[in-house]
Each structure stands twice: as C-alpha cells, then as structure tokens.
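Worksheet: the structure to be examined is printed underneath.
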Amino acid sequence: MKDLFKITGMFALFIMLIPMIGFIARDENAASEPEETVVLVTKEAPEKAYETSSYSEEFSVLDCATGQVMTMTMEEYIKGAVLGEMPASYGIEALKAQAVAVHTYAIRRIEQQKEAPEPELMGAYISNDSSKYQAYFSPEQAKAFYGDDYEEYDRKAAEAVSAVKDEILVYKGEPIVAAFHSISGGRTESAENIWGVALDYLVPVESEADEASPLFQSENVFTSDELYARLTQSDFGITLPDTSAKSEWIEITETTASGTVLKVKTGDKELTGTELRELLGLRSPVFTVSFSEKEDCFTFSVKGSGHGVGMSQYGAGCMAENGADYREILTYYYTGAEIVSLECGE
C-alpha cells in the first residue's frame, strides 16, 4: 500500500492529543483528562428513537480562538471531523466508516447537551478544542494541514460524507460510543479493560493488519535519573527502592489477551497501565519494559497508538484497501452494532 498512508504518522501523533470525553457522557465530577479518564454513561432507548430529521438541520461548534459559536450543517461538521480525525489518503470506504463514527458521536453530543448543557460551551454542542473533544478541521485548518493535497482530499472527504451522511451506529436503539484509535496492538481492546465499563459492542477483535504499519512499534527510553524524576515527582506519590535495585522499579503484574497492561507495580504503588502510559507519554497501554544495567536506562517497547478500543483507523484503511466496504468495517469493529438511517431531510 505504498503512499496510501503517507500522512498516517502525523495523525498517529495528533490523535494521541484527542480524548475520549467527546464520545461519552460524563457526570459533573468526571475529570477532563486525556483519553482514559472518563465516565461512561449509557441509557436504554426505544428502537429507532433517533430516526428524525431534526438532527440534520445544523450543528454548533464553539471556536476557542474567538469565543464565537460557529453554526454549520451537520454534513459540513462531519466532513471537517473526518478531515481532522483520519488521514484522507485512506480509501474512501474507510473514510465513510469514519464519517458514520463521527456522526454517531455528534448525535450523542446533541443528546448530552440537551440533557446537561456545559456552560463553557456557550450553547454549542462541542468546541474545536481537540484536547477535550473530537477533532474538527475548519476549511482553513484543513488547508493548512493538507497543503497542496487539500483540494483532492477535501473532494474525497465530501464524497465519502455525502454517501453516508444520514447514517449512524446504534445498539439496542441507542447511538453507540463510537470509540476509535489510530493503530491497535494487533488486537483491539475492550471498553471494560480501559474504562471499567463493559459495552457489548466494544470488545476485542483481531486487527493483525495493524502490525504492518510503520508506526506499529515505538520505543521510549529513559535514563534511570529521568525515570526516577518522572515517577517520584508525579501526583501518585511514588517511593522507589534503593538505586541498587533499579530493575525492581517497574514490574508489570497483569496484562490482557490483547497485550494491554492492566496493572504495574512501581515502587510502593500499583498503577494501571493507562496511568503509567499517560505519565510517561507512551503511545499506547500495550507495552513491555526492560532495564539495561550497562546503559543505566529503561526501555519501554510499545505496540500500537491510542487506547485500542473500537475501530482501528489503520485497520479500517487496510480493510478498505482489500475490498471491504464501510458497512463491513463498522460491523467488524463494533460487534453487534447496527447501521441505521436517521432519514434526514434536505
């Protein structure tokens, strides 16, 4: 797939900055921290409760730079989110899958803001702050990001969005938490293992194609002094053993079948793999660690990029390249979920 994923690297790094908060409902005490610090809230909904044209009319986004609320059509929003979330070099069926996922996200945001408006959004459904919500590129931002390829990719994204603009993913009549990530560790992860809440449609599936990504493996190397400072100066209040026992500073004690680190002992504290990942800036919670006495350093060998839950974007790109359509991609990564039309009006 030469040149197909030429900007995957930029997105793999960019997506690490985007949290899961936009995909979920949270209570007033939920922390607005990256990706894994979330409170998942679901509710039962009657079948086809969301088949209404009311959602097609407009969507509002708070511009953090100006403090102004931007109003646009839902289709315009979906296109900007697709351009901001997935490399537009991916196959059009992968872009369609991403469009359905971000549309599902937008519908959940509408429902959340109707039930419990966030004052800081000033009446908007979301802001363009990608550290808190799903990414969104305005036309100007997309031009700056894609450069000379902008016009081609803008047309491609518009075509993909137009084909699926009325569709969302539901489970038992409720729009799903359409989580996605850049690259899995070869197998996706369950929502329960990452966020502590089991969702029937967010369970592990094989995604071996991700292993072909040039960004599948990464390493983070810390000298013992660097790691000591990171750990002992963190909010966890970690106390480490004597420096003669450096090899005992980090011990992985529990992992999942997908390779995600669930528990890790560091000094006198036990952290989750996600907590250590965030503390050390690792690309994913799928990692191993080794200590070199000769080099006096710790090496964290990491697989994948992102939390690993839901749709692997790289995997979706590979499925599209191999002939799968967006429906096959979505129903593969979101087990048991259905694609339904909102029967949106023009």
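Hydrogens, waters and symmetry mates play no part in the numbers below; they use all other heavy atoms, side chains included.
- Between W249 and Y228, the gap from one ring centroid to the other is short of 6.0 Å.
- Residues passing the ring pair (Phe, Tyr, Trp, His ring centres under 6.0 Å) test with F236: none are found, sequence neighbours excluded.
- The cluster map of Ile, Leu, Val, Met, Phe, Trp and Tyr, joined by side-chain heavy atoms under 4.5 Å apart, puts V286 and L215 in different clusters.
- Using cut-offs of 30° and 60° for the angle between ring planes, the Y136 and Y77 rings count as parallel.
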K172 and E338: CA distance, side-chain angles, deciding distance, salt bridge (Lys or Arg N to Asp or Glu O under 4.0 Å) verdict: CA-CA 9 Å; K172 295 183 178 179; E338 297 179 274; over 6 Å; no

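- Put simply, the side chain of T188 gets close to the backbone of V205: a donor and an acceptor are under 3.5 Å apart.
- Note on ring orientation: taking the six-membered ring where Trp is involved, the planes of Y90 and Y314 are perpendicular (angle over 60°, cut-offs 30° and 60°).
- With S162 contributing its side chain and E159 its backbone, the two residues share no donor-acceptor pair below 3.5 Å.
- For Y153 and Y146, the gap between ring centers is short of 6.0 Å.
- Checking each of E189, E254, R187 against T260 for a side-chain hydrogen bond (donor to acceptor under 3.5 Å, both in side chains) leaves exactly one that passes, namely E189.
- Residues E174 and R108 are paired through a salt bridge, judged by an N-O separation under 4.0 Å between the basic side chain and the carboxylate.
- Between F300 and F222, the two ring planes are perpendicular [angle over 60°; tilted spans 30° to 60°].
- Among residues two or more places apart in sequence or in another chain, the ring pair (Phe, Tyr, Trp, His ring centres under 6.0 Å) test is passed with Y332 by none.
- In this structure, CD in E208 is found 12.0 Å from OG in S312, a value given to the nearest 0.5 Å.
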Go through the steps to decide whether K96 and D325 satisfy the test salt bridge (Lys or Arg N to Asp or Glu O under 4.0 Å), and finish with yes or no. CA-CA 9 Å; K96 289 179 184 178; D325 67 22; over 6 Å; no

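- Between Y201 and Y171, the ring centre distance stays below 6.0 Å.
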